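To find a chain, count down the sequence lines: A is the first, B the second, and so on, and within it residues start at 1. No experiment lies behind these values; they were computed from the predicted model shown.
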Amino acid sequence: MKSLAELAAIKEKMKDKVVLREGSGEIRVVVGMATCGIAAGARPVLNAFVEKVNEAGLSEKVTVSQTGCIGVCQFEPVVEIFEAGKEKVTYIKMTAEKAAEVVEKHLKGGEVIQEYTISNAIS
Amino acid sequence: MKELSLNILDIAMNSVKAGATKVEIRLTETGNRLELTFTDNGCGMTEEQVNSVTDPFFTTRTTRKVGMGIPFLKLAAEQTGGSFAIQSETGERHGTVTTATFYTDHIDFTPLGDIVSSVSTLIRGSPDIRWVFAHETPNGAVALDTDELKAVLGDVPLDNYEVVKWIEEYLRESYAEVNQNET
């Protein structure tokens with residue numbers, strides 16, 4: 001059974017690390033988690049981003065956060081990626097699988113997956 | 001919503017948006033009856049707003065003209081023969097209590113689904129809120145109060161990856177134990 005002692009161990013381990021709570025803010029991944037997003041499947045998408053970013057060792061560079069409705073409910077689950085000095089990228093109709101791909105190709109490799117973006121859907 | 005836990009995630013977000021510092025989510029199962037209660041100390045709503053929240057064409061959002069969260073929960077409860085109620089205060093003792101009751105043996109009862117994922121998503125998304133989660137069943141209870149975790153963690157934030165993992169595993173283990181007691 002999980003015990004509070006394990007939490008104390010996590011705290012101990014973190015002591016030596018600088019707590020980069022906001023990440024260094026280089027890249028921000030924002031998942032829409034309003035009613036529209038949640039109903040369309042945003043919860044597993046958000047969790048996939050958190051998992052994969054951590055697995056890829058990107059947690060210092062990438063922050064994953066939640067937001068409300070940005071007004072394009074028909075395209076939910078919507079994920080926006082903000083990177084300093086670059087144009088915002090909006091991915092639409094996301095799934096956990098697509099999220100893993102975005103972490104690999106975009107966040108790690110620096111290459112936007114055009115096929116999944118909103119500009120691909122409306123052009 | 002495909003899972004009741006998604007409604008729960010969605011409705012609890014209202015408390016976050018209302019600026020609550022404490023949010024309690026309680027599930028109480030007795031026989032075929034499930035009561036779900038959200039209690040927050042957020043800004044609360046005026047009487048007019050309370051009367052409008054079950055109207056899908058009412059929302060305080062500016063990004064769209066509909067607000068489906070509360071209507072979805074109300075529908076999910078009422079379609080099982082259950083009920084829905086909301087009480088709110090804007091004064092000194094501000095806050096909102098939202099209650100929905102369900103009959104779990106009704107064919108239109110939406111399964112609870114991955115409640116652990118919803119709770120951990122809420123904690124990770126708003127680590128500064130005190131989250132109290134309690135699920136009581138005839139076979140045992142699952143409970144979590146983030147204040148107890150904070151007392152151990154000190155300045156390590158609740159949205160730390162390993163802390164969230166611990167929370168998820170703790171809840172999953174608690175649920176496994178409850179399910180084991182089921183006869």
Side chain, backbone, both or neither of [X] within contact of chain A (heavy atoms, under 4.5 Å):
X      : result
B:S120 : neither
B:M68  : both
B:T59  : neither
B:N14  : neither
B:K165 : side chain
B:L149 : both
B:S126 : neither

Does [X], at its [atom1] atom, have more than 12 non-hydrogen atoms belonging to other residues, nucleotides or ligands within less than 6.0 Å?
X     : atom1 : value
A:K11 : NZ    : yes
A:K52 : NZ    : no
A:E55 : CD    : yes
B:E89 : CD    : no

Are [X] and [Y] linked, directly or through other ILVMFWY residues, by side chains that come within less than 4.5 angstrom of each other?
X      : Y      : answer
B:V132 : B:L171 : no
A:L58  : A:V112 : yes
B:V116 : A:V50  : yes
B:L158 : A:L4   : yes
B:M45  : B:V16  : yes

Engaged part of [X] at the chain B interface, taking heavy atoms whose separation is under 4.5 Å:
X     : answer
A:A34 : both
A:I38 : both
A:N54 : side chain
A:C73 : side chain

| Hey, what do you get for CE (A:M14) to OH (B:Y161), rounding to the nearest 0.5 Å? | 11.5 Å
| field | Separation between CZ of B:R64 and OG1 of A:T35, rounded to the nearest 0.5 Å | value | 5.5 Å
Min side-chain heavy-atom separation [X]-[Y] under 4.5 Å:
X      : Y      : result
A:M33  : B:T121 : yes
B:E162 : A:E6   : no
B:L9   : A:R43  : yes

| request: Give a yes or no on whether a salt bridge exists between B:E169 and A:K2, defined as a side-chain N under 4.0 angstrom from a carboxylate O. | output: yes
Checking the side chain of [X] only, and the main-chain atoms of [Y] only, is there a donor and an acceptor separated by less than 3.5 Å?
X      : Y     : value
B:R124 : A:S65 : no
B:T63  : A:C69 : yes
B:W166 : A:S3  : yes

| task | Select, from B:N160, B:I11, B:I167, B:L6, the one with the greatest count of heavy-atom pairs under 4.5 Å involving chain A. | result | B:L6
| message | Taking side-chain hydrogen bond (donor to acceptor under 3.5 Å, both in side chains) as the cut-off, I'd like each qualifying pair that reaches into residues 66-81 of chain A, sequence neighbours left out, listed once. | response | A:E80-A:K88
